[in-house]
Q: 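I am attaching a structure below and will ask some questions about it afterwards.
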Amino acid sequence: MDNLYALAIGGRMYYCLGTISDSLLESVDLLAKQMKIKFHNNENPCNDFCLLIKEKYGIVLTPIDISHVFRN
């Protein structure tokens, strides 16, 4: 089963599905923090982030769009 991951950039959340092993979570998190400034002006940074993760770690993440958030 895939997990849902979020990438926060400039107050916006971008989401992707996939599986990152527990041993790589810290490395992926560090990579996201290092790349934040580079992605800041990019319209769809999650696509670039997913490609980077695939190139660096061989992990396939799929960007997804959230169509609606239900609030209570």
Side-chain angles (χ1 to χ4, degrees):
M1 176 182 230
D2 287 338
N3 294 313
L4 177 66
Y5 299 99
L7 176 66
I9 299 174
R12 294 195 66 188
M13 298 292 285
Y14 302 91
Y15 301 94
C16 54
L17 288 174
T19 303
I20 301 172
S21 68
D22 290 343
S23 63
L24 285 177
L25 276 175
E26 191 173 319
S27 297
V28 172
D29 186 48
L30 181 61
L31 184 62
K33 289 175 182 172
Q34 291 173 343
M35 301 308 291
K36 182 166 56 171
I37 294 171
K38 185 180 222 182
F39 291 149
H40 185 69
N41 293 321
N42 189 331
E43 190 172 314
N44 195 349
C46 195
N47 288 333
D48 292 341
F49 180 71
C50 290
L51 287 173
L52 183 62
I53 296 302
K54 184 176 181 181
E55 289 174 9
K56 182 127 177 124
Y57 300 109
I59 298 170
V60 176
L61 297 177
T62 304
I64 61 169
D65 293 323
I66 302 296
S67 57
H68 186 78
V69 175
F70 298 97
R71 298 183 190 271
N72 183 346

Q: So does Asp65 have more than 12 non-hydrogen atoms from other groups sitting under 6.0 Å from CG?
A: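 Count not over threshold, so no.
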
Q: With clusters defined by side-chain heavy atoms of hydrophobic residues (ILVMFWY) lying less than 4.5 Å apart, directly or transitively, does Val69 cluster with Tyr15?
A: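 In one cluster with Tyr15: Val69, yes.
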
Q: Show, in sequence, the C-alpha distance, side-chain angles and deciding distance for Tyr57 and Leu31, and conclude whether the side-chain contact (heavy atoms from CB on, under 4.5 Å) test is met.
A: CA-CA 11 Å; Tyr57 300 109; Leu31 184 62; 4.1 Å; yes

Q: Determine whether Asn3 and Leu17 satisfy the following criterion, side-chain contact (heavy atoms from CB on, under 4.5 Å), listing intermediate values before the conclusion.
A: CA-CA 6 Å; Asn3 294 313; Leu17 288 174; over 6 Å; no

Q: Would you confirm whether Tyr5, through its side chain, and Leu61, through its main-chain N or O, come within 3.5 Å as a donor-acceptor pair?
A: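 Pair absent, no side-chain N/O of Tyr5 close to backbone of Leu61.
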
Q: Working to the nearest 0.5 angstrom, can you tell me the gap between Leu24 CG and Asp29 CG?
A: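 The distance works out to 12.0 Å.
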
Q: Give, for atom CG of Leu30 and atom CG of Leu25, the distance between the pair rounded to the nearest 0.5 Å.
A: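 So the gap between those two atoms works out to 12.5 Å.
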
Q: Answer yes if Met1 and Leu4 sit in the same cluster of Ile, Leu, Val, Met, Phe, Trp and Tyr residues linked by side chain heavy atoms under 4.5 Å apart, and no otherwise.
A: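 Hydrophobic grouping puts Met1 apart from Leu4.
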
Q: How far apart are the closest heavy atoms of Pro63 and Cys46, and which atoms are they?
A: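 Scanning both residues, the minimum pair turns out to be CB-SG, 4.0 Å.
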
